[in-house]
Amino acid sequence: MIKRKLVGAHYGFGDWLLQRGTALVMALYATLILVIMAIVQPSTYLEWRGIFDNRIMAFLTFIYLVALFWHAWIGVRDIWLDYVKNTGVRLLLLLATLAVTIGYTGWAVQILWRV
Amino acid sequence: MTNRTLQFKIYRYDPDRDDAPRMQDYSVEVNPVTDRKLLDVLVKLKAQDDSLSFRRSCREGICGSDAMNINGKNGLACLTEVSTLKSPVVLRPLPGLPVIRDLIVDMTQFFKQYHSIKPYLINDTPPPERERLQSPEDREELNGLYECILCACCSTSCPSFWWNPDRFVGPAGLLNAYRFIADTRDEATSERLDDLNDPYRLFRCHTIMNCVDVCPKGLNPTLAIGKIKEMMVRRAV
């Protein structure tokens, strides 16, 4: 195969914007959870569970976790793009990162909506 | 004013003769009246040891030839005040580029990236009889961009450029890309933005801002890169 430098993948901007958007979501959620914790001041596990048993809270927590995993996926992908030169190794690492972040999202659903 | 003796540690390497680079010590009498800039002292050193190699031309910060790493920070020898330098003065070639000899580096990769952004006006409409005019406000936007002398101080201080010099355009190239994106006489704005929408070409910039720190002309490539991203946002949403 000819060794030519390849550029022009036509993506990157969307991810850059999403990384900023997800950061904003996380900042808002972090503020909200601090306020709630200050008000409720849960001292037992049941009180703690109570906060997240609230449907709206479960929904917001899920949005936060999706933002977190999406943000992490873009950030970790950037690290691989910066430092890993071998295309095969990079692809493998990208797939592994994607698998882990998708898996975590599924796990988050299971935790938030379990009976 | 009295003369003072300045110690130097200078990177020496001739790939044809040396197995490995070495740091050579020099000592030079500096006259505070005639030896104002580091380049003046380097010219004096060159008279002492004519095997010492460095690039120089205009000696007034316009040609960008004498960019080098001075006491750990990239800069132009001709704009660096000798009186501000701590002894021993450690001089190395610009980091990250192949060394041709001593303080002279191979700038091919740097200029390849510069050429890749098409650093010229693209306008297919027939030119008017006299010239393409701009309003003073439109012209204002080019200030802080057109002054770039392509000395490579910024790009060679950028870690993202060190890791991916073949794919990341680098701060100098991106500042110049914005110079043409911002030019109201240029008609290829959308193509230019398309070309930069690439995980490597533009988005290896992680706003480390070494480029802003070292630019001998006081320019701000990070700001220009931010404006490119802002234009992409305005185009997309």
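We name chains A, B, ... by the order of the sequence lines, and we start the count at 1 in each one.
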query = Heavy-atom distance under 4.5 Å to chain B: side chain of A:L81, backbone, both or neither?
reply = both
ask   = For atom NZ of B:K217, is the number of surrounding heavy atoms from other residues, nucleotides or ligands below 6.0 Å larger than 12?
value = yes
query = Just how far is it from atom CG of A:D82 to atom CZ of B:F168, taken to the nearest 0.5 Å?
reply = 9.5 Å
message = Between B:D198 and A:F13, is there a side-chain heavy-atom distance shorter than 4.5 Å?
response = no
message = For the CZ atom on A:F59, are there more than 12 heavy atoms of other groups (residues, nucleotides or ligands in this structure) within a distance under 6.0 Å?
response = no
query = Heavy-atom count around A:Y104 OH within 6.0 Å, excluding the residue itself: above 12?
reply = no
inquiry  = Taking the side chain as everything from C-beta on, heavy atoms only, tell me whether A:K85 gets closer than 4.5 Å to B:N164.
reply    = yes
query = Atom CZ in B:F203, atom CG in A:D15: separation rounded to 0.5 Å?
reply = 8.5 Å
remark   = Taken in chain and number order and not counting sequence neighbours, the residues that satisfy salt bridge (Lys or Arg N to Asp or Glu O under 4.0 Å) with B:R132 are none
request  = Decide if atom CZ of B:R192 counts as having more than 12 heavy atoms of other residues, nucleotides or ligands within a radius under 6.0 Å.
outcome  = yes
query = Can you tell me how far the CZ atom of A:R20 sits from the NZ atom of B:K229, to the nearest 0.5 Å?
reply = 6.0 Å
query = Does B:R204 use its side chain to pair, donor to acceptor, with the backbone of A:D78 at less than 3.5 Å?
reply = yes
query = Is chain A contacted by the side chain of B:R167, its backbone, both, or neither, given a heavy-atom distance below 4.5 Å?
reply = both
ask   = Can you tell me if CH2 on A:W70 sees more than 12 non-hydrogen neighbours from other groups inside 6.0 Å?
value = no
